[in-house]
Protein chains: 2
Amino acid sequence: MNISEVARRTDLPPKTIRYYEEIGLIRPARDTNGYRAFADGDVHKLAFLGRARALGFSIEDCRTLLALYEDDARASADVKRVAQDHLDRIEEKLAQLRSMRDTLTHLVHECAGDNRPDCPILQDLARD
Amino acid sequence: MNISEVARRTDLPPKTIRYYEEIGLIRPARDTNGYRAFADGDVHKLAFLGRARALGFSIEDCRTLLALYEDDARASADVKRVAQDHLDRIEEKLAQLRSMRDTLTHLVHECAGDNRPDCPILQDLARD
DNA sequence: CCTTGACCTTCCCGTGACTGGAACCCCTAT
DNA sequence: ATAGGGGTTCCAGTCACGGGAAGGTCAAGG
């Protein structure tokens with residue numbers, strides 16, 4: 001299976017697939033002509049990676065999760081810890097973004113948005 | 001005023017202040033010895049930038065906002081549009097993160113987190 | 001006068017996770 | 001023979017800095 005077919009099946013760009021090989025997440029075989037020859041297992045791994053990335057896991061987290069996935073002797077506690085840590089970081093990010101949003105919503109609401117120069121947004125940014 | 005004093009006052013790292021000069025956000029004068037000599041106006045601008053960055057505005061947004069701030073003939077509508085666009089992107093990001101969080105919360109809750117290998121998190125990532 | 005240590009300077013590399021583009025090879029059909 | 005649509009590698013750029021090296025400057029103490 002060539003890369004564009006795998007890209008279609010996994011909904012990952014070919015560039016991303018090459019990148020994942022470059023950093024050692026997958027190791028597709030090669031045809032005699034140098035083309036990557038993907039097996040079903042490669043496609044499966046890529047789909048796994050795509051879903052993990054869609055959940056916001058970092059590449060290093062993905063590497064860990066993939067290793068756990070392939071380790072029959074894993075403890076689910078190890079998987080759970082990775083997910084929980086990630087979840088904690090997401091909660092932090094959410095709190096940060098909510099705070100930004102609240103401030104911005106307030107400021108945008110206060111601003112007349114007309115052709116006069118007076119602007120509470122700039123006033124806030126320039127406050128002493 | 002030297003850079004470390006400005007860093008203390010604006011709560012920005014010296015590296016960041018140098019970077020902001022490099023990309024043309026500020027233009028501090030120079031002493032004969034080559035040291036940056038910051039005026040109050042520079043400090044004010046840096047504080048402005050620090051607050052804009054804390055609200056999540058990109059550097060390019062900051063550049064625009066600073067230009068508007070210094071333009072007496074600005075229209076508040078221009079400021080408002082920058083802020084509203086940024087707010088829209090934050091709302092998108094929030095929705096995305098909430099979605100990740102909801103999925104992850106569910107999965108983490110389902111996972112026993114013990115020393116057995118069975119794990120609904122991995123099952124979900126590996127689903128066909 | 002010399003040294004010490006805390007400043008300051010520039011320059012270059014690394015980050016994360018790709019994306020774009022150039023230059024080139026391969027395969028099939030006409 | 002050529003055209004096109006694959007594929008390949010490699011290099012540069014993204015964003016907003018941070019780390020660290022190599023070296024100049026300044027004030028205080030011996």
Side-chain angles (χ1 to χ4, degrees), chain A residues 1-39 42-43 45-46 48-66 82 85-86 89-90 93 96-97 100, chain B residues 1-38 42-43 45-46 48-66 85-86 89-90 93 96-97 100:
Chain A
M1 204 181 325
N2 280 351
I3 199 166
S4 62
E5 170 68 10
V6 176
R8 199 186 55 72
R9 289 201 200 184
T10 59
D11 208 35
L12 291 173
K15 279 277 192 184
T16 298
I17 297 174
R18 292 194 192 97
Y19 174 65
Y20 287 174
E21 181 187 15
E22 188 189 333
I23 63 175
L25 287 177
I26 54 170
R27 298 183 182 281
R30 295 286 179 142
D31 276 343
T32 51
N33 59 13
Y35 287 17
R36 288 169 184 81
F38 294 88
D42 296 316
V43 177
K45 275 194 200 181
L46 286 167
F48 181 104
L49 290 168
R51 280 187 286 263
R53 291 288 299 134
L55 286 178
F57 285 105
S58 71
I59 289 286
E60 284 318 300
D61 281 348
C62 289
R63 195 188 299 278
T64 304
L65 290 171
L66 205 48
V82 172
D85 287 355
H86 178 44
R89 270 169 280 155
I90 285 181
K93 193 79 182 169
Q96 202 181 18
L97 282 177
M100 288 178 185
Chain B
M1 203 182 325
N2 280 350
I3 200 166
S4 62
E5 171 68 9
V6 176
R8 199 186 55 72
R9 290 202 201 184
T10 60
D11 209 32
L12 291 173
K15 279 277 190 183
T16 297
I17 298 173
R18 292 193 191 98
Y19 174 66
Y20 287 174
E21 181 188 17
E22 188 188 334
I23 63 174
L25 287 176
I26 54 168
R27 297 182 183 283
R30 295 286 179 143
D31 277 342
T32 51
N33 59 13
Y35 287 18
R36 289 171 184 80
F38 294 88
D42 295 316
V43 178
K45 276 193 200 182
L46 286 167
F48 181 103
L49 291 168
R51 280 187 286 263
R53 291 288 298 133
L55 285 177
F57 285 105
S58 71
I59 289 287
E60 284 317 300
D61 281 348
C62 288
R63 194 187 300 278
T64 303
L65 290 171
L66 204 49
D85 287 355
H86 178 43
R89 270 169 283 156
I90 285 181
K93 193 82 182 163
Q96 200 181 22
L97 282 177
M100 289 178 184

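Every chain is numbered from 1, with letters handed out A, B, ... down the list of sequences. Values below: every heavy atom of this structure, side chains too, minus hydrogens, waters and symmetry copies.
- Remark: A:Arg30 is in phosphate contact with D:dT9, judged by side-chain N or O atoms under 4.0 Å from OP1 or OP2.
- No N or O donor and acceptor, one from the side chain of A:Tyr19 and one from the base of C:dG16, sit under 3.5 Å apart.
- Across the protein-nucleic acid pair, B:Glu21 atom CD and C:dC11 atom P stand 12 Å apart, rounded to whole Å.
- Residue B:Thr16 is the one, among B:Thr32 and B:Thr16, whose nearest nucleotide of DNA chain D lies closer to the 5' end (criterion: closest heavy atom).
- Between B:Ile26 atom CD1 and D:dC17 atom P the separation is 12 Å, expressed in whole Å.
- At C:dC8, none of the side-chain N or O atoms of B:Arg36 fall inside 4.0 Å of OP1 or OP2 (strictly under the cut-off).
- Listed for the A:Asp85 side chain is no donor-acceptor partner under 3.5 Å among the backbone atoms of A:Val82.
- Here A:Arg30 contributes atom CZ and A:Thr32 contributes atom OG1; the two are 12.0 Å apart, rounded to the nearest 0.5 Å.
- The nearest whole Å value for the distance from the CG atom in B:Leu46 to the C1' atom in D:dA16 is 15 Å.
- Here D:dG20 is the nucleotide among D:dG20, D:dC17, D:dT8 with the atom lying nearest to any side-chain atom of B:Lys15.
- Note on A:Pro13: only backbone sugar-phosphate atoms sit closer than 4.0 angstrom, heavy atoms only; bases stay farther off.
- The interatomic distance linking A:Asn33 (CG) with D:dT8 (C1') rounds to 10 Å, in whole Å.
- Residue-level contact check: B:Ile23 touches neither bases nor backbone, having no heavy atom under 4.0 Å from any strand.
- Salt bridge status for A:Glu60 with A:Arg63: present, with a side-chain N to carboxylate O gap under 4.0 Å.
- Remark: P of D:dT25 and CG of B:Asp31 are 13 Å apart, rounded to the nearest angstrom.
- Between A:Glu22 atom CD and D:dT8 atom P there is a gap of 13 Å when expressed in whole angstrom units.
- Within the structure, a side-chain polar atom (N or O) of A:Tyr20 is placed less than 4.0 Å from OP1 or OP2 of C:dC18.
- With respect to the salt-bridge test (charged N to carboxylate O, under 4.0 angstrom), the residues A:Arg9 and A:Glu5 qualify.
- Rounded to whole Å, atom P of C:dT19 lies 11 Å from atom CD1 of A:Ile17.
- Contact between the side-chain N/O atoms of B:Ser58 and the OP1/OP2 oxygens of D:dC15 is not found at any separation under 4.0 Å.
- Dashed line: the shortest gap from a side-chain N or O of B:Ser4 to OP1 or OP2 of C:dA6 is not under 4.0 Å.
- For A:Arg18 and D:dC10, the shortest distance from a side-chain N or O to OP1 or OP2 is not below 4.0 Å.
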Run the numbers on B:Ile59 and B:Tyr20 for side chain to side chain contact (heavy atoms under 4.5 Å, CB included), then give the verdict. CA-CA 9 Å; B:Ile59 289 287; B:Tyr20 287 174; 3.5 Å; yes
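- Between the CZ atom of A:Phe57 and the P atom of C:dG16 there is a distance of 17 Å, rounded to whole Å.
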